[in-house]
Protein chains: 2
Amino acid sequence: MDNTRWLDEQEMAAWTGFLAASNLLGRRVEQQLKDDADLSHPQYEILTRLSAAPCGELRMTELADALLTSKSGLTYQVTQLEKSGMVRRRSFPGDVRGVVACLTDEGWAKVRETAPGHVALVRELLIDVLTREQLTAIAEGLGEVSRRLRASTVR
Amino acid sequence: MDNTRWLDEQEMAAWTGFLAASNLLGRRVEQQLKDDADLSHPQYEILTRLSAAPCGELRMTELADALLTSKSGLTYQVTQLEKSGMVRRRSFPGDVRGVVACLTDEGWAKVRETAPGHVALVRELLIDVLTREQLTAIAEGLGEVSRRLRASTVR
DNA sequence: GACCAGTGGTTCGAATTTGAACCACGCCAC
DNA sequence: GTGGCGTGGTTCAAATTCGAACCACTGGTC
């Protein structure tokens, strides 16, 4: 017996569209960040997360699950950013094990000068291509999808 | 002056939802394929593309741009699949340079036994979470997005 | 106060990915 | 035919990624 519920045309289109957009967009964004700011996308994410946090600093763990990357991956990227002077590590007062990453002045400067170009690209390639209805559908639909994924993921 | 058109709340939600869904879904799918079939996602993609093609074979180049990966990446994955006996390389009659990848019997078997579980997961994590309206919005919206990305990408 | 399961981060090795350099060949124009 | 340019694939080194093992420490429990 084959009782698999295969995908109909519409569903298939959604899945392949999602996959393709995800690959191609990721690639383009990565490319632009590398060219304009000499940053990888994960690195850019780290910088913006930090810049949005009070005092420009966050615990490693908080960063790690905001970034959706593995712990070791984060360690690596933060080390890179530290080498290039964008970020500094400090130890967390109150728990010797804890480490907080902290934006340096150059880090702040980098974010300020990089963000506009990044936003412009995202707008051009994604946001402005969609109708308002598509935009809200995506915001709500994929929002729900990722909420469930987060919830069901073993921490 | 800062004349950047920043993202409003809705637009931001769409972008972050998209990024998160993309990361988390990719990770989960990857995981499942590895566990159930001992395949990476790119490898699975190769197998299904081949199985959808006449005679189960395609030129390397055709595969490469269907897969949205670099040429060298494809070479690597095909080599892996060849080692595990899912795929065979033949030379392309009519152009000595050309190489066609070709599903073996085990390759066919692998696709048949892996596809149902894969589809079920995609359904559970993505398709069945969305309303029908969201589904069509995503199919059309992201379809258009990726079409443009393909078109504007240097080949 | 000593034990012990659990946390926060780093280190390590293995697998994958990418772009650039490369090689061999086909396709033309002359 | 014979240069010379573009193509189809592979090879190479470098960067990144992941999970598993690890270390140092914390917070209860007895």
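Heavy atoms only: backbone and side chains are in, while hydrogens, waters and symmetry mates are out.
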With a 3.5 Å cut-off and sequence neighbours excluded, list the donor-acceptor pairs that the side chains of residues 44-54 of chain A form with protein atoms.
| unit_1 | atom_1 | unit_2 | atom_2 | d |
| --- | --- | --- | --- | --- |
| A:Thr48 | OG1 | A:Tyr44 | O | 3.3 |
| A:Thr48 | OG1 | A:Glu45 | O | 3.0 |
| A:Ser51 | OG | A:Thr48 | O | 2.9 |

Exercise for the section: Please list residues of residues 71-84 of chain B whose heavy atoms come under 4.0 Å from any atom in DNA chain D, ordered by number; otherwise none. Expected result: B:Lys71, B:Ser72, B:Thr75

Handout entry: Strand contacts (DNA chain D) in residues 25-35 of chain B, 4.0 angstrom heavy-atom criterion
Key = B:Arg27

Practice task
Just jot down the ring-ring contact (aromatic ring centres under 6.0 Å, His included) partners of A:His41, sequence neighbours excluded, or say none.
Solution key: none

Taking salt bridge (Lys or Arg N to Asp or Glu O under 4.0 Å) as the test, write out the residues that go with [X], two or more places apart.
| X | value |
| --- | --- |
| A:Asp8 | B:Arg132 |
| B:Arg147 | B:Glu144 |
| B:Arg123 | A:Glu11, B:Asp128 |
| A:Arg112 | none |

Handout entry: Nucleotides bounding contact with chain B, strand DNA chain C, heavy-atom threshold 4.0 Å
Key = C:dA15 to C:dG26

Pairwise side-chain contact, [X] with [Y], heavy-atom cut-off 4.5 Å (strictly under):
| X | Y | value |
| --- | --- | --- |
| A:Leu33 | A:Thr114 | yes |
| A:Leu130 | B:Val145 | yes |
| A:Gln80 | A:Pro42 | no |
| B:Arg89 | B:Met60 | yes |
| B:Arg28 | B:Leu125 | yes |
| A:Leu39 | A:Leu81 | yes |
| A:Leu68 | A:Arg150 | yes |

Exercise for the section: Mind checking B:Thr69 for me? I need base, sugar-phosphate or nothing, with any heavy atom below 4.0 Å counting as a touch. Expected result: sugar-phosphate

Give the rounded distance in Å between these two atoms: [atom1] of [X] and [atom2] of [N].
| X | N | atom1 | atom2 | answer |
| --- | --- | --- | --- | --- |
| A:Leu67 | D:dT16 | CG | C1' | 14 Å |
| A:His41 | D:dT17 | NE2 | C1' | 16 Å |
| A:Leu68 | D:dG19 | CG | P | 13 Å |

Problem - Positions of residues 47-61 of chain A (non-hydrogen atom under 4.0 Å from DNA chain C), listed by number - result: A:Arg59, A:Met60, A:Thr61

Exercise for the section: For DNA chain C, determine which residues of residues 87-98 of chain A have any heavy atom closer than 4.0 angstrom to one of its atoms, and list them numerically. Expected result: A:Arg89, A:Arg97, A:Gly98

Give every donor-acceptor pair under 3.5 Å between a side-chain atom in residues 92-100 of chain A and any protein atom, sequence neighbours left out.
| unit_1 | atom_1 | unit_2 | atom_2 | d |
| --- | --- | --- | --- | --- |
| A:Asp95 | OD1 | A:Arg97 | N | 3.0 |
| A:Asp95 | OD1 | A:Arg97 | NE | 3.2 |
| A:Asp95 | OD2 | A:Arg97 | NH2 | 3.0 |

Practice task
Before accepting this row, confirm whether a basic side-chain N of the pair A:Glu82/A:Arg88 lies closer than 4.0 Å to the acidic partner's carboxylate O.
Solution key: no

